[in-house]
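Counting convention: from 1, in listed order, for ligands and their atoms alike. Just so you know, these numbers use all the heavy atoms, side chains as well, and skip hydrogens, waters and symmetry mates.
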Amino acid sequence: MAQNWFFLRTALKDFRSTGAIASSSKALVKKLVAPLPTDRPLRIVELGPGNGCVTEAILGRVHADSEVTAFEINPTFVEELRGIQDRRLTVRPVGAEQLLQFYAEGSVDYVISSLPLSMIPKEIKSEILRQSQLVLAERGQFIQYQYALQDRSLLKRYFGKVTTSFTMANLPPAFIYCCFG
Ligand SMILES: C[S@@+](CC[C@H](N)C(=O)[O-])C[C@H]1O[C@@H](n2cnc3c(N)ncnc32)[C@H](O)[C@@H]1O
C-alpha cells in the first residue's frame with residue numbers, strides 16, 4: 001500500500017514521463033518476466049523501472065550470475081531503486097535513448113521496458129526502439145507493455161516478429177508485446 005502511495009505521489013509530480021498512476025500489478029509483472037530463462041546467466045536491461053516492481057521480479061527470477069541494468073530518468077525513483085540491495089543490479093540515471101553508449105551491438109539478452117511509449121515524442125521513441133533492437137543478441141527479446149495497441153505497428157518496423165498477449169489483471173488492463181529479431 002505504501003509503495004502505491006509513493007508511486008502515485010511521484011507520478012503526479014511528473015505525469016508526462018511516468019505515464020501511469022499506479023505501478024504494474026503482480027499479474028502483469030509476472031507476465032513480463034515469464035520469458036526469462038532461469039538456467040543460465042543473462043544480461044538484462046530494464047527501461048523505465050520506476051519504483052522497482054519489475055526490477056525485483058527480474059532479480060527474483062534470474063540466475064545468480066546475471067547482470068541487470070536499470071535506466072531511469074526520474075531522480076525520486078532512482079533513489080528508491082538504489083535502495084535495492086543486490087550486487088547484480090546497476091542503476092543508471094540516464095534516458096533509455098542512450099543505450100548504445102553503454103552496450104555494444106548484439107550484447108544484451110533481454111530488454112524489458114515499462115516506458116510510457118505513447119507519451120514519448122516520436123523521434124525519441126524511435127531512437128529507443130532502434131537502439132534496443134541493435135543491442136539485442138541474435139536470440140534476444142524486447143518485452144514491453146502498453147494499455148492500448150498504439151505502438152504495435154511501430155514495434156513491427158524495428159523487430160522481425162512481434163507477439164501480443166493481454167492481461168485484465170492490471171489497472172488499466174494491459175497488452176504485453178514480445179519482440180524478436
Ligand atoms: C509507467 S512507469 C513504470 C514503472 C514500473 N516499471 C511499473 O511497471 O509499474 C514508467 C517509467 O519510465 C520512466 N521513463 C520515462 N521516460 C524514460 C526514458 N526516456 N528513459 C528511462 N526512463 C524513462 C519514468 O520515469 C517512469 O518511472
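For ligand 1, the atoms lying closer than 4.0 Å to a non-hydrogen atom of Gly95 are 20 (N). Taking every heavy atom of Phe77 and a limit of under 4.0 angstrom, the matching atoms of ligand 1 come to 27 (O). Counting the atoms of ligand 1 from 1 in the order shown, those under 4.0 Å from a heavy atom of Pro116 are 10 (C), 12 (O), 15 (C). Listed by number with element, the atoms of ligand 1 under 4.0 Å from a non-hydrogen atom of Asn74 are 25 (O). Set against the non-hydrogen atoms of Ala20, the atoms of ligand 1 under 4.0 Å away are 1 (C). Atom numbering of ligand 1 starts at 1 in the shown order; those under 4.0 Å from a heavy atom of Ser114 are 1 (C), 3 (C), 6 (N), 8 (O), 10 (C).
Regarding atom 21 (C) of ligand 1, its nearest protein heavy-atom neighbour is Phe71 O, 3.4 Å. The protein heavy atom nearest to atom 23 (C) of ligand 1 is Leu115 CD2, 3.3 Å. The closest protein non-hydrogen atom to atom 1 (C) of ligand 1 is Thr18 O, 2.9 Å. Protein heavy atom in closest approach to atom 20 (N) of ligand 1: Ala96 N, 2.9 Å. Protein heavy atom closest to atom 19 (N) of ligand 1, with residue, atom name and distance, is Glu97 OE1, 3.2 Å. Closest to atom 27 (O) of ligand 1 among all protein heavy atoms lies Glu72 OE1, 2.8 Å. In this structure, atom 16 (N) of ligand 1 lies nearest to the protein heavy atom Ile73 CD1, 3.6 Å.
Less than 6.0 angstrom separates the ring centroid of Phe142 from the ring centroid of Phe159.
With Ser25 contributing its side chain and Ala169 its backbone, the two residues share a donor-acceptor pair below 3.5 Å.
With contacts defined as side-chain heavy-atom distances shorter than 4.5 Å, the pair Leu47/Ser114 does not qualify. Side-chain contact between Tyr158 and Ser126: present, with at least one pair of heavy atoms (C-beta onward) separated by less than 4.5 Å. Here the side chains of Leu99 and Ser132 are in contact, with some heavy-atom distance below 4.5 Å.
Relative ring orientation between Phe175 and Phe166 is described as tilted, the plane-to-plane angle lying within the 30° to 60° band. The aromatic rings of Phe77 and Phe6 lie perpendicular to each other, with more than 60° between the two planes, well past the 30° mark.
Of the charged side-chain nitrogens involved, at least one lies within less than 4.0 Å of a carboxylate oxygen, so that Arg130 and Glu127 count as a salt-bridged pair.
At most 12 non-hydrogen atoms from other residues, nucleotides or ligands lie less than 6.0 angstrom from CG of Leu171.
Listed here is the closest heavy atom pair of His63 and Pro41: CG-N, 3.6 Å.
Among the atoms of Tyr145, some N or O lies under 3.5 angstrom from an N or O of ligand 1.
The hydrophobic cluster containing Tyr110 also contains Ile58, counting ILVMFWY residues as joined when their side-chain heavy atoms lie under 4.5 angstrom apart, directly or transitively.
Selection from Ser23, Ser17, Gly48 by nearest heavy atom to atom 4 (C) of ligand 1 gives Gly48. Across the listed options Ser113, Ser24, Pro49, Pro49 owns the non-hydrogen atom lying nearest to atom 5 (C) of ligand 1.
Under a 4.0 angstrom heavy-atom cut-off, Leu47 registers as lying outside contact with ligand 1.
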